[in-house]
Amino acid sequence: MLKPPYAEKDISGCAVVGIMNISGNNFGSEKIVNAIKCMRDRSNGLGGGFAAYGIYPEHKDLYAFHMMYLDTNRRYDAEDFLKKKFNIAASERIPTAKVNSISESPVLWRYFLSVENKPPLMSEEDFVVQTVIYINANIDGAFVASSGKNMGVFKGVGYPEDIARFYKLQDYEAYIWLSHGRFPTNTVGWWGGAHPFNILDWSVVHNGELSSYGTNARYLEMYGYKCELMTDTEVVAYTMDLLMRRHKLPLNLVAKVIAAPLWKEIDNLEPKERRILTRLRQTYSSLLLNGPFSFIIANQDQMIGITDRIRLRPLIYASNKDMFYISTEEAAIRTIESDLKNIKIPRGGEPVVAQLLTSDIRHQTSSSREGATN
Amino acid sequence: MKKKLKAYKIKANGLHFKELNNLIKKAVNDGHNSLNIVGVIGQRYIGTGLNKKIKINIKGTAGADLGAFMDGPNIVLKGNAQDAVGNTMNSGSITVHGSASDVCGIAARSGRIFIKGNVGYRAGIHMKEYQDFKPTLIIGGEAYDFLGEYMAGGILAVLNLNSKEQYLPSTYIGTGMHGGVIYIRGNVHQSQLGQEVSSLKLDSKDEELLYPRLKEFANTFKLDFDKIIKERFIKLLPLSHRPYGRLYAY
C-alpha cells in the first residue's frame, strides 16, 4: 500500500552524503550513487533519495515541481489547482525504470512553472511556499517532493542505489548531489517521508532525530509552514527558508540558532557576542533543533554540513581541487576518490560550507567567500 | 593444528562485511596466524570476537567497530579508521597509522590501542579496568571534545605531537570520569575540563606507568621517545569514583 504507515518502527542508522563541484560544472550521478551504496548497511530499504542541482538548464528560470500522487485522480485535482496559480510551461511524467526491489510507487510527475496569479504584495517565493504547503495539506494524496529552480528531488521507499536506478539518475548531470539512505527511527517509511526534504531551493538530508519536532513545527506554523509529511526532518527545510531567505540571517548565526551553544558557553563570551547570542536564543528558542543530528543542506549556491552542538552523529568532509565532499563515513568518499589527503571532522554545531565560486549575493553568508571554508 | 607461516592474503574490495569477516574467521580456523587484508573500504567489525593471538595487517579505510570484542589479535591498520575502534575489546592490540573518528576505544576492557594521527569526539569513552586488566589508549595527534567521557578505568594519553599549540583543541575533557587516568602532553585550561576531573602534576609513579607505554608507542611509529617526554605532561584524575552517586538518591 502507498498510504502511510506501512513500516514498523526500527532502530537507528542513516547515511548522508553530498558532493559539490564549486566551479558549477555538472557531473553524472555515478559518484553519488557509489558513495551512498558504500554505506548501504546504514539504511534498511525504507527510504532513499537524491537532490540534484543544475539538472534542468533548459528551464532554469522556472520552478520545477516534482509531484507524488497516490493515484491519477489526485493528479487531476492538483493540476486544476496549479493551473489557477501558475503558467505551466511544460509537464511530463517523471521517467522511471522497472526495478525489482521497488514493487509499487506513486504516480510521479514534474511541472515547469512560472508564477501567474499571485497577490500583488507577496513575493514570488512566498507564493510558491504557500502553494506547496496548500497542496501537501489540502489536496488529499498529492505531495510536493521539490519546488526549486533548476533542481529536483528524487526519492522513495527503497535502498538509495535502487531508487537511483528507478529514477534513471544515470541520465542526469548536476553540480550538487545530495543523497540519503534511510533507517527510520520514530516515523514511518513512506514515499513522501524519504529524504531529501525540500522547499524552494533548500534541500536537507538528515541522520539523527529531532526531539524538538513538535515545538519547531508549532513555531513554523505561525509563519505559514505546515508540517504534513510525517518526518521530523521536514522542519529543517522550512527553518532554513524562514531564517535565511525571509529573515536574512547569515549562515553562521543560523547555525547558532539551530545548534545553539550552551548557556554556560554563552556566559563566557565577550559582551558583544554574548548579547547577540543571548538575543538569538531568546528570539528563536523554538527553532533550536534538539536531539542528535548531522545534516547536509544545499541551495543553488552552497552545500552545508553541520552536526548538533555536541556531535552525537558522525560527519566528515574533504575537498580535492574544485570538488567538495561531506559524508557520514570516510569510506564513502574514499570509494569514489581514492587519493584524498585531507579528511576533516567538523566541530559540533559549526557549519562547514562549500560555496559556489560564481554565486550571486542572494545566499551570501558572512563567512568567507572562498570555495571551501570551515 | 600445524602452524602456517606465510601470511594469508584477503582482498576485501567489493566484499560485504559479513563475507569479509567469514573469510577472516575461516582463515583463522584453518590455522593461519598472520593475515594481510587489502582493499578495505568501510567494512565493519574487522577482527571482531577473535580470541587467538594472530596478526592482522589491513590496508584501506576500516569501517566502524574495528576489533570490537576481540580477545588477543594484533591489528595493524595502514590507513584511517572510522568510529568505535576497539569497541569493548578484551585483549590484544590495535595500531592505526592514520587517524580515527569518534568514540575511539569505547568501553575497552584491556589491551592497547595506538593511533598515530588524530581522533574525533569522545575518545576513550567509558574505558574500564579490573584488577590487572587495564586498557591503554594513546593518541599521537589531537583529540576533540569529551575526551575520556564517563571513563571508568585504564590509561589514556594524548600527545598532541603535530600541533604548535600547547593546549588541546577540546572541551568537556573528562566529563563524568570516575576512574583511570588521562595524560595530556602540553596543558589544558580549567575551562576545558568537565566538572568531574582535576588537573595534577606527574609524579614518579606516573612515569612508571606511562613511560614504558610511550616507549612502545614511539618504537611502533618510529618516533623519538626523548623528544616526546621533553615536553611537560599533565594528568587528569577523577575527583570521585561515584560523581553521580547522590544525583538520584534523596
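Residue numbers begin at 1 in each chain, while the letters A, B, ... track the order of the sequences. What's counted below: heavy atoms across the whole structure, side chains too, no hydrogens, waters or symmetry copies.
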For this session: Inspect the surroundings of CG in N100(A) and state if more than 12 heavy atoms from other residues, nucleotides or ligands are less than 6.0 Å away.
Result: no
Seminar exercise, completed: So OG1 of T61(B) and CG of L340(A): to nearest 0.5 Å the spacing works out to 9.5 Å
Exercise. How many angstroms lie between CZ in F17(B) and CG in D41(A), if you round to the nearest 0.5 Å?
Worked result: 4.5 Å
Exercise. What are the two closest non-hydrogen atoms of G42(B) and A331(A), and how far apart are they?
Worked result: CA-CB, 3.3 Å
Exercise. What heavy-atom pair brings I345(A) and A100(B) nearest, and what distance separates the two atoms?
Worked result: CD1-O, 4.4 Å
Exercise. When you look at NZ of K37(A), are more than 12 heavy atoms from neighbouring residues, nucleotides or ligands closer to it than 6.0 Å?
Worked result: no
Exercise. Who among N268(A), I310(A), T335(A) has the most heavy-atom pairs with chain B under 4.5 Å?
Worked result: I310(A)
Problem set entry | Contacting region of L315(A) [heavy-atom separation from chain B under 4.5 Å] | neither
Problem set entry | E30(A), CD: over 12 other non-hydrogen atoms inside 6.0 angstrom | no
For this session: First locate atom CE of M39(A), then atom CD of Q82(B), and finally report the distance between them rounded to the nearest 0.5 Å.
Result: 9.0 Å
Exercise. Measuring from D83(B):CG to R313(A):CZ, what's the distance to the nearest 0.5 Å?
Worked result: 10.5 Å
Seminar exercise, completed: Taken to the nearest 0.5 Å, the spacing of I343(A) CD1 from N118(B) CG works out to 12.5 Å
Problem set entry | More than 12 heavy atoms from other groups under 6.0 Å of CZ on R109(B) | no
Seminar exercise, completed: Taking a cut-off of under 4.5 angstrom between non-hydrogen atoms, the residues of residues 158-178 of chain B near chain A are P169(B), S170(B), Y172(B)
Problem set entry | Ionic contact status for D145(B) with R311(A), cut-off 4.0 Å | no
Exercise. Say you draw a straight line from NZ of K344(A) to OG of S99(B); how long is it, rounded to the nearest 0.5 Å?
Worked result: 12.5 Å
Exercise. For E19(B), does the CD atom have more than 12 heavy-atom neighbours from other residues, nucleotides or ligands under 6.0 Å away?
Worked result: yes
